[in-house]
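As the structure is a prediction and not an experimental result, all values here were calculated from the model. Positions are given from 1, in the same order as the sequence printed here.
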Amino acid sequence: MKKVLVVSTSLRDESNSDTLAIAFLRGAKEAGNETEYVTLQDKTISFCKGCNACQHGQKPCVIKDDAVEIAEKIKNADVVAFATPIYFYEMAGQMKTMLDRCYPLYAIGHSFKDVYLIATSASPEEKAMDGAIKGLEGWVECSEGAHLAGVVKGVGIEFAGDAFKNNDMLQIAYDMGKNV
């Protein structure tokens, strides 16, 4: 049994990336894993100040907001999946801000090995995901022992609720979660 954490970074209610994230989570749970879901909706996530205090003994972070608790959850998970809408061929800004706020993990370590990306884009082309994948790969590369284990590429999902209608994509997300 693994501890699986899904971090949904869309700020829209019932977003398409969130819909796929929930399918992923359902698959992971049905496979017998311990699951947890966190959304950045209604959370206060401030920008990293780059003060490096978290790298020199003042752990986990000098900024006191919701990112501290979320980073702790990320640290303790065996598997982390980030769900994001794609904006201008890149992950949503709030996802990048949350990744930056995980900087304390660089000094104190983490449990996760497998990292997943669940992304949705109005563009029908898979290349729309390349920027988000590259950005997450950079974060993963700085996370010792971790690797990008899979990507759900929800392309051509433009309007609110489109993911609910895409049974193939829901199945892909579910199956990926089931096989964590």
Check: Within a strict 4.5 Å, meaning less than it, do heavy atoms of the Val38 and Lys73 side chains meet?
Finding: yes
Next item on the list: Could you give me the CA-CA distance, side-chain angles and deciding distance for Lys75 and Ile108, then say whether side chain to side chain contact (heavy atoms under 4.5 Å, CB included) is met?
Entry: CA-CA 9 Å; Lys75 177 187 95 148; Ile108 62 175; 3.8 Å; yes
Item checked: Test item: Asn52 side-chain N/O and Gln55 main-chain N/O as donor-acceptor pair under 3.5 Å -> no
Item checked: Separation of Thr39 OG1 from Arg12 CZ (nearest 0.5 Å) -> 12.5 Å
Notebook entry, point to check: Is the shortest heavy-atom distance from the side chain of Leu40 to the side chain of Val7 under 4.5 Å?
Noted result: yes
Check: Does Asp18 reach the main-chain N or O of Ser8 with its side chain, forming a donor-acceptor pair under 3.5 Å?
Finding: no
Next item on the list: Kindly write out the residues that satisfy side chain to side chain contact (heavy atoms under 4.5 Å, CB included) with Ala71, not counting sequence neighbours, or none if the list is empty.
Entry: Met98, Cys102
Check: Just how far is it from atom OG of Ser17 to atom CD1 of Ile22, taken to the nearest 0.5 Å?
Finding: 9.5 Å
Notebook entry, point to check: Among the clusters formed by ILVMFWY side chains lying less than 4.5 Å apart, do Leu117 and Met176 turn up in the same one?
Noted result: no
Check: Counting distance only, does the side-chain N/O of Asn33 pair as donor-acceptor with the main-chain N or O of Ala28 below 3.5 Å?
Finding: yes
Checklist line | Set of side chain to side chain contact (heavy atoms under 4.5 Å, CB included) partners for Thr19, sequence neighbours left out | finding: Ala163, Phe164, Leu170
Next item on the list: Could you tell me whether a side-chain N or O of His110 sits under 3.5 Å from a main-chain N or O of Glu144, the two making a donor and an acceptor?
Entry: yes
Check: Does Thr84 use its side chain to pair, donor to acceptor, with the backbone of Ala92 at less than 3.5 Å?
Finding: yes
Checklist line | salt bridge (charged side-chain N to carboxylate O under 4.0 Å, His left out) against Asp78, all qualifying residues, sequence neighbours excluded | finding: none
Note to self: Under the criterion side chain to side chain contact (heavy atoms under 4.5 Å, CB included), I'd like the reasoning laid out for Asp168 against Asn166: C-alpha separation, chi angles, the key distance, then a yes or no.
What the structure shows: CA-CA 6 Å; Asp168 292 340; Asn166 193 324; 3.8 Å; yes
Next item on the list: Could you tell me whether the side chain of Val115 reaches within less than 4.5 Å of the side chain of His147, counting heavy atoms only?
Entry: no
Check: Is Pro104 close to Tyr106 at the side-chain level, that is, under 4.5 Å between some pair of heavy atoms?
Finding: no
Margin query: Nearest 0.5 Å, please: how far is CD in Glu72 from SG in Cys61?
Written below: 12.5 Å
Next item on the list: Give a yes or no on whether the backbone of Ser46 and the side-chain of Asp65 come within a donor-acceptor separation of less than 3.5 Å.
Entry: yes
Next item on the list: Output yes when a side-chain donor or acceptor of Glu34 lies under 3.5 Å from a complementary backbone atom of Lys2, and no otherwise.
Entry: no
Notebook entry, point to check: Do Asn16 and Glu158 have side-chain heavy atoms sitting under 4.5 Å apart?
Noted result: no
Notebook entry, point to check: Can you name the nearest heavy-atom pair linking Lys153 to Met169, along with the distance?
Noted result: O-CE, 3.3 Å
Checklist line | Short side-chain donor-acceptor distance under 3.5 Å, Asp13 and Gln41 | finding: yes
Margin query: Taking Lys134 first and then Glu137, would you say they form a salt bridge - that is, a charged N and a carboxylate O separated by under 4.0 Å?
Written below: no
Check: When you look at NZ of Lys43, are more than 12 heavy atoms from neighbouring residues, nucleotides or ligands closer to it than 6.0 Å?
Finding: yes
Item checked: Shortest non-hydrogen contact from Val6 toward Ala21 -> CG1-CB, 3.6 Å
Check: Within the side chain of Thr120, is there an N or O that forms a donor-acceptor pair under 3.5 Å with the backbone of Ile157?
Finding: no
Note to self: Tell me whether Leu25 shares a hydrophobic cluster with Tyr116, the cluster being built from Ile, Leu, Val, Met, Phe, Trp, Tyr side chains joined at under 4.5 Å.
What the structure shows: yes
Item checked: Heavy-atom pair with the smallest gap, counting every atom of Val68 and Arg101 -> CG2-NH2, 3.9 Å
Notebook entry, point to check: Are Glu36 and Lys3 ion-paired here, with the side-chain N under 4.0 Å from a carboxylate O?
Noted result: no
Next item on the list: Would you indicate whether Glu30, at its atom CD, is surrounded by more than 12 heavy atoms from other residues, nucleotides or ligands within a distance under 6.0 Å?
Entry: yes
Next item on the list: Spell out, as yes or no, whether a donor-acceptor pair under 3.5 Å connects the side chain of Ser143 to the backbone of Trp139.
Entry: yes
Notebook entry, point to check: If you round to the nearest 0.5 Å, how far is CG of Leu136 from CE of Met129?
Noted result: 13.0 Å
Notebook entry, point to check: With hydrophobic residues grouped by side-chain heavy-atom distances under 4.5 Å, do Met91 and Val151 end up in a single group?
Noted result: yes
Note to self: Let's go through Gln171 and Asp175 carefully: what are the C-alpha distance in whole Å and the side-chain angles of both, what is the deciding distance for side-chain hydrogen bond (donor to acceptor under 3.5 Å, both in side chains) to 0.1 Å, and is it a yes or a no?
What the structure shows: CA-CA 6 Å; Gln171 189 66 47; Asp175 289 344; 2.8 Å; yes
Notebook entry, point to check: Can you name the closest pair of heavy atoms from Cys51 and Val62 and give their distance?
Noted result: SG-CG2, 3.8 Å
Next item on the list: Sort out for me which residue in Asn76, Val79, Leu105, Leu5 forms a side-chain contact (heavy atoms from CB on, under 4.5 Å) with Phe112.
Entry: Leu105
Next item on the list: Using a 4.5 Å cut-off on heavy atoms from C-beta on, say whether the side chain of Leu99 contacts that of Met95.
Entry: yes
Notebook entry, point to check: Got a second to check how far Lys113's NZ is from Ser111's OG, nearest 0.5 Å?
Noted result: 7.5 Å
Note to self: With side chain to side chain contact (heavy atoms under 4.5 Å, CB included) as the criterion, how do Phe24 and Val4 come out once you've worked through the C-alpha distance, each side chain's angles and the decisive distance to 0.1 Å?
What the structure shows: CA-CA 10 Å; Phe24 177 95; Val4 179; 4.1 Å; yes
Item checked: Closest heavy-atom pair and its distance - Ala128, Ile86 -> O-CG2, 3.5 Å
Notebook entry, point to check: So Ile45 and Gln94, side chain to side chain contact (heavy atoms under 4.5 Å, CB included) or not? Walk me through it.
Noted result: CA-CA 8 Å; Ile45 311 290; Gln94 57 271 17; over 6 Å; no
Next item on the list: State the CZ-CG distance between Phe82 and Leu148, to the nearest 0.5 angstrom.
Entry: 11.0 Å
Notebook entry, point to check: Got a salt bridge between Asp162 and Lys165, using NZ or NE/NH1/NH2 to carboxylate O under 4.0 Å?
Noted result: yes
